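Everything quoted here is computed from the prediction, not taken from an experiment. Because only heavy atoms are used, hydrogens play no part in the values below, and waters and symmetry mates are left out as well, while side chains stay in. Note on naming: letters A, B, ... go to the chains in the order of the sequence lines (proteins, then strands), and numbering restarts at 1 for each one.
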Protein chains: 2
Amino acid sequence: MIFLEQHSKYRELLKREGIKNTKHRTAILEILEESDSPKTAEQLFISLKDKTASIDMSTVYRTLDTFTSKNLVVKSNRVDDGKALYEFNHHEHKHHLLCVGCHKLISIEDCPIGELQQILKRKIDFDITGHKLEIYGYCRDCKNFKEPSTDSEDV
Amino acid sequence: MIFLEQHSKYRELLKREGIKNTKHRTAILEILEESDSPKTAEQLFISLKDKTASIDMSTVYRTLDTFTSKNLVVKSNRVDDGKALYEFNHHEHKHHLLCVGCHKLISIEDCPIGELQQILKRKIDFDITGHKLEIYGYCRDCKNFKEPSTDSEDV
DNA sequence: TTCTAATTGCAACTGCCTTGCATTTGCACT
DNA sequence: AGTGCAAATGCAAGGCAGTTGCAATTAGAA
Ligand SMILES: [Mn+2]
Ligand SMILES: [Mn+2]
Ligand SMILES: [Zn+2]
Ligand SMILES: [Zn+2]
């Protein structure tokens, strides 16, 4: 049964990192892995109330910090309000499309950088280890209703 | 004299946006335009104490909000702590190198995206208006002292 | 089962940022 | 130059995401 597989999967993940297995931790990992977009601590907190017994926000934050430092989770910041976002680290290189109309966040597999990174690496005196690319625009649902463009640039 | 040119330059900028000319506003614009890296509200506050009479933090924030909404200033968030950063909008398309060793932020003119954006535009059902690219790695000063790489990916 | 360090809940606290309100100031119009 | 008024500012209080100290609980090794 999938349930058991999942359960032991997270158990192993935690063991590998040398941290204890708790219901809160597996629940958080499960929610994050299943979701296709990054979540705030608050959103997690709400989801957790359905899944497990109640949990304290400080535990949510502490757990997410731990996961982030172990690279089980990737932390970022939401563009509009700077609030912290957390997503399961699938260890795959991907990017996001952010709709400036409805604030939807869409994952894409393509990495437009790749070889360009190599070129830059030689061109500048800087040892590149990674990058973050975010693309802005209007999603399918919003593109027909978008306002005439402002003079904002380099978003 | 340059001083006078600068002064009238900001005055015009403010007039064009239909907002009042005050010493705080020109001082903030001046500091931001002269600096080559984004600044926090706090850093601005400190710089302002040298330049003008004292200013309140709420005024700093309100001014930066106003400037951001008028696209005179670009707001972003620092990667490590999510704190708000503000930079003068030169209306030029540029990107940053972030040193993960010393947290220095270096501007680059090159945009590796360009035509790729056009390709994506046809490939996906999404109306691209812009993008943000940040490159991570070790600067000249830090590259020799960097630690053996961890398994962190997709930074 | 026993023992211990890690985890958790709770409550207080910090720091960034916002807001309400009284006062001041820029500036358009005489 | 003087007047009037909306916009800008300072001050103090407040809001909210995230942190921390501490005592109670719990995972898991032995
Ligand atoms: Mn990429
Ligand atoms: Mn670019
Ligand atoms: Zn949309
Ligand atoms: Zn460096």
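Under the 3.5 Å distance criterion, the side-chain polar atoms of N89(A) are matched with a main-chain donor or acceptor of N71(A).
Place N21(B) and T63(A) on DNA chain C by their nearest nucleotides, and T63(A) ends up nearer the 5' end.
Considering all non-hydrogen atoms of both residues, R78(B) and N77(A) come closest at O-OD1, 3.9 Å. In terms of heavy-atom proximity, L85(A) sits nearest to P38(A) at CB-CB, 3.7 Å. Across C139(A) and C99(A), no two heavy atoms sit closer than the pair N-SG, 3.4 Å. Counting all heavy atoms, side chain and backbone alike, G137(A) lies closest to T129(B) at CA-OG1, 3.5 Å. When all heavy atoms are compared, the tightest approach of I108(B) to H96(B) is CG1-N, 4.4 Å. Across D56(A) and F45(A), no two heavy atoms sit closer than the pair C-CE1, 4.4 Å.
The CG-P distance, from D81(B) to dC16(C), rounds to 9 Å in whole Å. The distance from atom NZ of K83(B) to atom P of dA17(D) is 17 Å, rounded to the nearest whole Å. Regarding L64(A), its CG atom lies at a distance of 17 Å from the C1' atom of dT20(D), rounded to whole Å. Rounded to a whole Å, the NZ atom of K23(A) is 14 Å from the P atom of dT25(D). Distance L14(A) CG to dA29(D) P: 13 Å, rounded to the nearest Å.
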Mind listing the N/O atom pairs, protein and nucleotides 6-8 of chain D, below 3.5 Å?
| residue | atom | partner | partner atom | Å |
| --- | --- | --- | --- | --- |
| dA6(D) | N3 | K20(B) | NZ | 3.3 |
| dA7(D) | O4' | K20(B) | NZ | 3.2 |
| dA8(D) | OP1 | K20(B) | N | 3.4 |
| dA8(D) | OP1 | R25(B) | NH1 | 2.6 |
| dA8(D) | OP1 | R25(B) | NH2 | 3.1 |
| dA8(D) | O5' | R25(B) | NH2 | 3.3 |

Strictly under 3.5 Å: I want the nitrogen or oxygen pairs between protein and nucleotides 18-20 of chain C, one per line.
| residue | atom | partner | partner atom | Å |
| --- | --- | --- | --- | --- |
| dG20(C) | O6 | R62(B) | NH1 | 3.3 |

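Applying the ring pair (Phe, Tyr, Trp, His ring centres under 6.0 Å) test to F126(A) and every residue at least two apart in sequence or in another chain returns nothing.
The aromatic ring centroids of H93(B) and H95(B) lie less than 6.0 Å from each other.
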Side-chain donor-acceptor pairs of residues 60-69 of chain A under 3.5 Å, sequence neighbours excluded:
| residue | atom | partner | partner atom | Å |
| --- | --- | --- | --- | --- |
| R62(A) | NH2 | S58(A) | OG | 3.4 |
| T63(A) | OG1 | T59(A) | O | 2.6 |
| T66(A) | OG1 | R62(A) | O | 2.9 |
| T68(A) | OG1 | L64(A) | O | 2.7 |
| S69(A) | OG | T66(A) | O | 2.8 |

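Across residues 36-50 of chain A, not one residue has a non-hydrogen atom less than 4.0 Å from an atom of DNA chain D.
Contact annotation: the side chain of K83(B) never approaches that of E42(B) to less than 4.5 Å [non-hydrogen atoms, C-beta and beyond]. In this structure, L32(A) and K39(A) have side chains that are in contact, with non-hydrogen atoms separated by less than 4.5 Å.
At dG10(D), one or more side-chain N or O atoms of H24(B) fall inside 4.0 Å of OP1 or OP2 (strictly under the cut-off).
Counting heavy atoms of neighbouring residues, nucleotides and ligands inside a 6.0 Å radius, atom NZ of K15(A) does not exceed 12 of them.
The terminal axes of the helix from dT1(C)-dA30(D) to dT30(C)-dA1(D), fitted over 5 pairs per end, subtend an angle of 40° to the nearest 10°.
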